[in-house]
Amino acid sequence: MKKYVTLTLLMTLLSISIADARVKVTGRGAKMNFSADGISDMYKPSLTLMQAKCIKCHTMERTVIAIQTGRAPITGQPFNKQAVKAYGIKMLRKPNSDMNKKEIRDIVVLLNYFLDENAK
Ligand code: HEC
């Protein structure tokens with residue numbers, strides 16, 4: 001009996017912490033993406049931009065997981081505002097990134113907004 005109580009408690013806590021993640025996500029695995037639902041209108045163009053530009057070399061899953069967990073999934077480095085900026089520049093510099101500075105800046109601002117939303 002005690003086992004079930006603990007299990008139920010654990011599942012409740014787990015679902016609360018998932019529900020508490022402010023940034024809405026759609027799909028799973030390689031199809032994982034940020035949802036435009038509930039995000040401020042002023043960030044929607046940047047979201048569209050990111051969804052077009054940041055899937056050239058890898059899926060959005062990488063970025064979603066970084067935002068959700070606060071860790072960059074490949075290197076395991078903390079994914080905070082400082083890191084967002086550094087990654088923005090890193091992705092920009094990659095050969096054939098097909099992005100300009102303005103686009104990177106908009107995406108960095110958007111990711112910072114996501115970090116703030118998740119911290120609430
Ligand atoms: C030109 C190809 C390319 C583009 C475009 C690109 N990435 Fe990447 N990305 C990579 C590669 C390659 C890696 C693997 C690790 C590395 O080289 O940093 C990576 C890794 C990552 C990681 C995980 C880093 C880690 O250390 O775990 C994140 C997060 C990420 N990219 C986000 C983005 C975002 C956001 C954009 C759009 C602004 C983007 N990527 C655009 C090639 C790209």
Side-chain angles (χ1 to χ4, degrees):
M1 184 60 196
K2 209 171 164 197
K3 215 156 96 188
Y4 290 111
V5 174
T6 316
L7 200 69
T8 311
L9 199 72
L10 206 76
M11 306 242 303
T12 312
L13 284 175
L14 209 70
S15 57
I16 289 172
S17 66
I18 290 167
D20 214 21
R22 299 290 168 121
V23 177
K24 283 201 184 121
V25 165
T26 58
R28 281 171 182 276
K31 291 214 170 78
M32 224 182 203
N33 207 333
F34 293 105
S35 164
D37 259 17
I39 88 160
S40 156
D41 277 347
M42 72 181 270
Y43 291 108
K44 285 188 177 157
S46 303
L47 180 64
T48 309
L49 178 71
M50 177 169 78
Q51 286 169 338
K53 294 282 177 172
C54 301
I55 53 159
K56 210 184 153 203
C57 314
H58 50 73
T59 64
M60 246 4 250
E61 183 186 12
R62 218 172 258 189
T63 312
V64 172
I65 288 178
I67 289 288
Q68 282 183 330
T69 62
R71 295 236 159 233
I74 311 285
T75 54
Q77 293 294 311
F79 198 77
N80 49 29
K81 289 192 179 177
Q82 221 179 329
V84 164
K85 200 171 166 198
Y87 278 119
I89 295 165
K90 195 176 177 189
M91 298 297 143
L92 174 70
R93 288 208 183 120
K94 283 189 189 294
N96 309 317
S97 73
D98 191 25
M99 285 183 274
N100 62 38
K101 277 191 187 155
K102 160 92 172 57
E103 290 168 338
I104 288 288
R105 203 181 311 129
D106 287 351
I107 292 169
V108 166
V109 170
L110 171 71
L111 290 174
N112 282 336
Y113 162 74
F114 281 158
L115 285 176
D116 282 342
E117 285 299 293
N118 263 352
K120 273 180 194 168

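We count ligands from 1, going down the list as the structure has it; atoms in each ligand are counted the same way.
Not a single N or O atom of Met99, backbone or side chain, sits closer than 3.5 Å to an N or O atom of ligand 1.
Residues forming a salt bridge (charged side-chain N to carboxylate O under 4.0 Å, His left out) with Lys44 (at least two apart in sequence, or on another chain): Asp41.
Considering only non-hydrogen protein atoms, atom 29 (C) of ligand 1 sits nearest to Phe79 CE1, 3.8 Å. Regarding atom 27 (O) of ligand 1, its nearest protein heavy-atom neighbour is Ile74 N, 2.6 Å.
Under a 4.0 angstrom heavy-atom cut-off, Ser97 registers as being in contact with ligand 1. Taking a 4.0 Å cut-off on heavy atoms, Met50 fails to register as neighbouring ligand 1.
Scanning all heavy atoms of the two residues, the minimum distance from Ser35 to Ile39 falls at O-CG2, 3.6 Å. Heavy-atom minimum distance, Leu47 versus Ala36: CD2-CA, 3.7 Å. Residues Gln68 and Asn118 come closest through the heavy atom pair CA-ND2, 4.0 Å.
Counting only distances under 2.8 Å, and ignoring water, the protein N, O or S atoms around atom 8 (Fe) of ligand 1 are His58 NE2, Met91 SD.
Under a 3.5 Å cut-off, the side chain of Asp106 and the backbone N or O of Leu49 do not form any donor-acceptor pair. Of the possible donor and acceptor atoms, none in the side chain of Lys24 sits under 3.5 Å from a partner among the backbone N and O of Phe34.
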For residues 82-91, run the donor-acceptor check on the side chains, cut-off 3.5 Å, and write out each pair with its distance to 0.1 Å, sequence neighbours left out.
residue	atom	partner	partner atom	Å
Tyr87	OH	Thr75	OG1	3.2

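Pairs engaging residues 58-68 under the salt bridge (charged side-chain N to carboxylate O under 4.0 Å, His left out) rule: none recorded [sequence neighbours left out].
With no hydrogens or angles considered, a side-chain donor-acceptor pair links Gln51 and Asn33 at under 3.5 Å.
Residue-ligand proximity, Ala72 to ligand 1, at heavy-atom distances under 4.0 Å covers atoms 24 (C), 25 (C), 26 (O), 27 (O). Listed by number with element, the atoms of ligand 1 under 4.0 angstrom from any heavy atom of Pro95 are 1 (C). For ligand 1, the atoms lying closer than 4.0 Å to a non-hydrogen atom of Thr75 are 25 (C), 26 (O), 27 (O).
Around CG of Asn96, the count of heavy atoms belonging to other residues, nucleotides or ligands within 6.0 Å does not exceed 12.
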